[in-house]
Q: 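First the structure, then my questions, so here it is.
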Amino acid sequence: MEITRSVNDGIVELVVVGRLDGYWADHLDAALTDAIREGHHRLRLDCSQVSFLSSAGIGVLVKFHKELARINGSFSVVNPSKPVSTALRITRLIDVLVGPARADDAVAALERPARRIERDGAGFDVYDLAARTPLTCRTVGSAAPLSTGAFADEHCVTLESLSPAFAIGVGAFGDSFADCRTRFGELLSVAGATAYQPADGTNVPDYLLGTGALASDVRVLYCLACDGPFSHLIRFETLQPGATIGLARLLAACLEAANARSVGIVVVAEAAWLVGASLRRSPAERLEDADFFAHPGIRTRLTFTAEPAFARTVALAAGVVTRPAAGENTAAQLRPIGADCLGHLHAAAFRFRPIRKGPIDFAQTVSGLFEADQLLGVLHLLHDERGAAGAGESELVRGACWVGPIAELTS
Amino acid sequence: MQVRHLSVVVVNQRSEIGRLSEAVDRFGEEHHLSADDIAAVNLALDEIVINIIAHGYDDEREHQIHVSLALEGEILTIQVEDDGKPFDPLEAPPPNLDLPIEDRPIGGLGIYIVRSTVNEIEHRREGGRNILTMQKTMAGRAGQ
């Protein structure tokens, strides 16, 4: 089988020559996946030279039709050969899959951004949202007992009564401190969906979905929680194929777009890779030595992504970033990100699925990520600037950021 | 009436499908089968053999799948024999083709395609082997 590709008027056309059978179907799947990873959401498959189509090939056609419909893209078969028409007619798919490529509908439906910024090889489309008030951000609990492992029942807080736009911290799912004690790990909660990485050695992330208030069995030792509406949606994408945008540059652009010194931010992005750390051992467990961060014990308590992890995934990241004025005291739990920013972000990594283009709904987009077997891990994002010795930072390709200025970081 | 035979042995690798298809193409051309009939036979065989390769074996070893064609007049008898797990394709539930595409599963069409392509289909299990026998009338040979 041969596949040739061209782009016309924003539509990628793939011409397939040969058999589309149980052997070659995977090759077509890979070619279509590559096109979508490059950001193309309108695909047309010319099947005039396909000599054979089996159910394996039909499965690929159905898969991509459904996947692109989900994100407001389009996929169609054009010029079907006789074997293709026959197989699609038998399976009653010919009227659905074969047709014009809908060149204009997907784009026409998109609302135009309020403005566009281009920086360092990336474009940022900024949509103004209806928010009139800034986000309120508060720290809940304290990370201070972390260093000694002295977390106790009184440090454990349930977020049951809260319905934050997002929260990040160290937490677990359970009905009490005792129940959670061995499992506290990196936690991320966005729009009622909460994911965490149990630090009990299982290395299997867990999640809960809610609609509003956080589920009663989400317990945290400490966290940053932001409430309120976002002021801007920012769609970003690298301008060159194959390029990436570092997290620090993205955050700087979000500060600029929101015209604020501190913002709360949620990012849903197609990630080239992520760089971060996660707890390997619950910080509520008693320490054999005096300091959680002391060598060599730290190696058994924290896992760092010594090299980029979660490559070619979708990341849901949330947190706070601020550009402090000289000499300004900043809230606890913030660390340097880039040249002049501080921040704290957690991320959940999911198996790759393309993200719909244009202005998208916050809660719907987030909940859509949480489907069975899609969550891969949760981590605290790091910015490691030690040159060649460092792990660098997370690199993204395209995505969406919901941003809101923070009036004040409070405890 | 003279019976024309073809016998092909493939191993449980997807890449074998191309070789099987070429053999069926040659058989069809030699015996003046129509292009539509050859395509239908290839379609049924692709579905059955790929299904055996994908789901028939729990081990990583090489297994042989025996395919034979017997053409007698206008009736082509296709037999596929494998040593995989017991599987009777006649027991597979039919897909619901009335569902809108967004509700239709991505797979599950293979056996339906086979049943739509041939006239008769029969499965039996003998000596630890699946033996699937299909018959199809070769429309292009009617009257020969």
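Convention: sequence-line order gives letters A, B, ...; per-chain numbering from 1.
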Q: Check for me whether A:Arg19 meets the cation-pi criterion with A:Phe52, that is, NZ or CZ under 6.0 Å from the six-membered ring centre and within 45 degrees of the ring axis.
A: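 Yes, a cation-pi geometry holds between A:Arg19 and A:Phe52.
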Q: Which atoms of B:Glu102 come close to chain A, meaning under 4.5 Å heavy atom to heavy atom: side chain ones, backbone ones, both, or neither?
A: backbone
Q: Checking heavy atoms, do the side chain of B:Ser116, its backbone, both or neither come under 4.5 Å from chain A?
A: side chain
Q: Mind checking the CZ-CD1 spacing from B:Arg115 to A:Ile90? Nearest 0.5 Å is all I need.
A: 14.0 Å
Q: Would you say the side chains of B:Asp83 and B:Tyr57 form a donor-acceptor pair under 3.5 Å?
A: yes
Q: With chain A as the partner, which of B:Ala54, B:Ser15, B:Pro105 has the greatest number of non-hydrogen pairs under 4.5 Å?
A: B:Ser15
Q: Counting heavy-atom pairs closer than 4.5 Å to chain B, which one of A:Gly59, A:Ala87, A:Gly22, A:Pro83 comes out on top?
A: A:Gly22
Q: Given the options B:Ile50, B:Leu97, B:Ile53, which has more heavy-atom pairs under 4.5 Å with chain A than any of the others?
A: B:Leu97
Q: Check whether A:Lys66 gets within reach of chain B through its side chain, its backbone, both or neither, counting any heavy atom under 4.5 Å.
A: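 The side chain, not the backbone.
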Q: Check whether A:Phe352 forms a cation-pi arrangement with A:Arg37 (NZ or CZ under 6.0 Å from the six-membered ring centre, at most 45° off the ring normal).
A: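 Verdict for A:Phe352: a cation-pi partner in A:Arg37.
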Q: What option among A:Leu53, A:Val96, A:Leu93 has the most heavy-atom pairs under 4.5 Å with chain B?
A: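 Maximum pair count with chain B is reached by A:Leu93.
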Q: Check the side chains of B:Thr137 and B:Glu74 for a donor-acceptor pair under 3.5 angstrom, ignoring hydrogens and angles.
A: no
Q: Check each atom of B:Asp36 against the heavy atoms of chain A and say whether the ones under 4.5 Å are side chain, backbone, both or neither.
A: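 Side chain only.
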Q: I'd like to know if A:Glu38 pairs up with A:Arg5 as an ion pair, taking the criterion as any Lys NZ or Arg NE/NH1/NH2 lying under 4.0 Å from an Asp or Glu carboxylate oxygen.
A: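 Here A:Glu38 pairs with A:Arg5 in a salt bridge, since their nearest N and O are under 4.0 Å apart.
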Q: Considering only heavy atoms, which portion of A:Ile58 lies under 4.5 Å from any heavy atom of chain B: side chain, backbone, both, or neither?
A: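 Side chain only.
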Q: Compute the centroid of each ring, for A:Phe310 and then for A:Phe350, and state whether the two points are separated by less than 6.0 Å.
A: no
Q: Could you have a look at B:Gly107, B:Ser21, B:Gly18, B:Gly108 and say which one has the most heavy-atom pairs with chain A under 4.5 angstrom?
A: B:Ser21
